[in-house]
Amino acid sequence: MKLPVSQKKALALLYRLYRLYPHAHCALNYRTPFQLLVATILSAQCTDKRVNKVTESLFEKYPDPQALACADLPTLELDIRSTGFYRNKATNLVLCGQRLLERHGGQVPTSLEELVRLPGVGRKTANVVLGNAFGIPGMVVDTHVKRLARRFGWTVNETPEKIEQDLCLLLPREHWVQSAHLLIWHGRELCKAPVPLCSCCPLQEDCPRVGVVRAR
DNA sequence: ATCCCGAGGG
DNA sequence: CCCTCTGGAT
């Protein structure tokens with residue numbers, strides 16, 4: 001098992017990100033696991049702001065899986081329309097509510113395997129729920145983190161699974177959830193897809209992406 | 001016009 | 001692997 005960088009180096013890089021984004025870990029702030037699950041499903045391909053705009057009234061209307069399970073689909077679609085992909089998300093939410101009732105006694109499951117089996121919940125959403133609702137460490141590798149991977153020494157086409165495993169080995173378990181947020185945040189704010197804002201980046205020293213022009 | 005803090009399906 | 005599904009931000 002060869003790791004791309006030393007643990008010391010990885011921690012140093014993470015610490016710089018922590019200084020840069022002191023509030024990155026507060027992005028998702030919901031009361032119950034159920035609410036967090038719903039909010040996270042809604043947040044696919046959409047920013048937190050747009051989700052937050054919808055959730056307050058949404059949770060009044062659908063406070064629990066029971067209410068979701070028997071929601072009127074067209075109404076629910078209207079309620080979440082501004083988060084994008086609303087047709088998929090609405091049907092998935094209803095199916096989710098039904099499945100939570102039928103198989104989990106109305107509770108949000110606490111294992112990755114069970115969470116991923118919920119309609120509309122993939123690896124990313126499942127890990128976010130595990131970390132934020134139950135404090136169970138999980139590493140989230142999304143498109144942003146994959147892009148950052150080069151900074152941490154992985155090759156361009158490394159698989160997400162390998163990156164995830166390595167990150168878990170490199171970083172202390174108690175920092176996994178926060179580190180994941182920091183990495184995602186950095187990928188979105190500075191190390192952006194087409195044009196990274198390297199001049200403001202605290203990690204630009206030795207970074208292979210510095211000076212990279214749009215690759216297409 | 002173009003890009004998203006993804007998931008599901010072919 | 002590829003494609004589709006959406007509105008909103010920029």
Side-chain angles (χ1 to χ4, degrees), chain A residues 14 17-18 20-21 23-30 35-55 57-58 68 73-100 109 112-133 138-149 151 156-164 167 176-197 200 209 212-216:
Chain A
L14 253 298
L17 289 185
Y18 175 73
L20 188 61
Y21 313 110
H23 302 301
H25 58 293
C26 302
L28 289 168
N29 183 18
Y30 293 97
Q35 293 185 343
L36 182 68
L37 175 66
V38 172
T40 311
I41 289 176
L42 289 181
S43 75
Q45 286 295 100
C46 144
T47 61
D48 284 345
K49 266 184 193 165
R50 279 153 62 196
V51 175
N52 291 333
K53 234 173 143 179
V54 162
T55 45
S57 59
L58 193 70
L68 258 193
L73 197 51
T75 309
L76 181 56
E77 286 181 359
L78 280 182
D79 291 336
I80 66 172
R81 183 165 23 123
S82 64
T83 64
F85 298 137
Y86 61 89
R87 245 163 279 183
N88 294 339
K89 287 173 181 175
T91 53
N92 282 336
L93 283 176
V94 172
L95 292 174
C96 244
Q98 291 171 358
R99 194 178 171 103
L100 287 182
L112 187 65
E113 302 75 43
E114 291 175 302
L115 277 169
V116 166
R117 227 163 272 151
L118 297 174
V121 178
R123 279 174 55 79
K124 168 82 193 301
T125 305
N127 274 118
V128 170
V129 171
L130 277 181
N132 291 284
M139 191 50 72
V140 185
V141 171
D142 67 350
T143 50
H144 287 321
V145 179
K146 274 185 270 182
R147 199 177 330 116
L148 288 177
R151 181 64 188 84
V156 181
N157 289 321
E158 195 53 89
T159 66
E161 289 77 17
K162 164 75 168 151
I163 295 174
E164 217 170 285
L167 278 173
W176 283 354
V177 175
Q178 190 183 23
S179 301
H181 276 295
L182 286 172
L183 291 171
I184 291 170
W185 203 270
H186 184 61
R188 189 178 120 200
E189 297 295 317
L190 281 188
C191 201
K192 302 197 227 181
V195 185
L197 306 177
C200 326
R209 261 199 112 191
V212 169
V213 199
R214 183 181 209 141
R216 66 192 175 96

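Throughout, a chain's letter reflects where its sequence line sits, starting with A, and its residues are numbered from 1. Values below: all heavy atoms of this structure, side chains included; hydrogens, waters and symmetry mates excluded.
Taking atom CG of Asp142(A) as the reference point, atom C1' of dA7(B) lies 14 Å away to the nearest angstrom. In this structure, Leu190(A) places its CG atom 13 Å from P of dC5(B), rounding to the nearest Å. Rounded to a whole Å, the CG atom of Asn127(A) is 13 Å from the P atom of dG6(B). For the pair Trp185(A) CH2 and dC5(B) P, the computed distance is 11 Å after rounding to whole Å. Atom CG of Leu183(A) and atom P of dC5(B) are 14 Å apart (whole Å). Put simply, CZ on Phe85(A) is 12 Å from P on dC4(B), counting in whole angstrom units. Between the P atom of dA7(B) and the CG atom of Leu93(A) lies a distance of 13 Å, rounded to the nearest Å. Regarding Glu189(A), its CD atom lies at a distance of 13 Å from the P atom of dC4(B), rounded to whole Å.
Using a 4.5 Å heavy-atom cutoff, the side chains of Tyr18(A) and Gln178(A) are in contact.
Using a 4.0 Å heavy-atom distance criterion, Thr83(A) is classed as making no nucleic acid contact.
Put simply, the side chain of Lys192(A) never gets that close to the backbone of Leu197(A): no donor and acceptor are under 3.5 Å apart. With hydrogens and angles disregarded, no donor-acceptor distance shorter than 3.5 Å links the side chain of Lys53(A) to the backbone of Ser82(A). Remark: the backbone N or O of Gly187(A) is paired with a side-chain donor or acceptor of Arg147(A) at under 3.5 angstrom. Side chain of Lys146(A) to backbone of Ile163(A): no donor-acceptor contact under 3.5 angstrom is found.
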Please assess Leu100(A) against Leu68(A) for the test side chain to side chain contact (heavy atoms under 4.5 Å, CB included), listing each intermediate value before the final yes or no. CA-CA 10 Å; Leu100(A) 287 182; Leu68(A) 258 193; over 6 Å; no

Which is it for Leu190(A) and Leu20(A) under the side chain to side chain contact (heavy atoms under 4.5 Å, CB included) test, yes or no, and what are the steps along the way? CA-CA 11 Å; Leu190(A) 281 188; Leu20(A) 188 61; 3.8 Å; yes

One pair to check against side chain to side chain contact (heavy atoms under 4.5 Å, CB included): Asn132(A) and Thr40(A). What are the steps and the verdict? CA-CA 10 Å; Asn132(A) 291 284; Thr40(A) 311; over 6 Å; no

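Leu42(A) pairs in a side chain to side chain contact (heavy atoms under 4.5 Å, CB included) with only one of the listed residues (Thr125(A), Val51(A), Asn92(A)), which is Val51(A).
First and last contacting nucleotides of DNA chain C toward chain A (any atom under 4.0 angstrom from a heavy atom, 5' to 3' order): dC5(C) to dG8(C).
In terms of phosphate contacts, Gln45(A) brings a side-chain nitrogen or oxygen within less than 4.0 Å of OP1 or OP2 of dG6(B).
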Just the atom pairs and distances: protein N or O near nucleotides 8-10 of chain B's N or O, under 3.5 Å.
| residue | atom | partner | partner atom | Å |
| --- | --- | --- | --- | --- |
| dG8(B) | OP1 | Gly120(A) | N | 2.6 |

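Looking at the side chain of Asp48(A), the nearest of the listed nucleotides dG6(B), dC4(B), dC5(B) is dC5(B).
Heavy-atom nearest nucleotides on DNA chain B were determined for Arg50(A) and for Thr125(A), and the one closer to the 5' end corresponds to Arg50(A).
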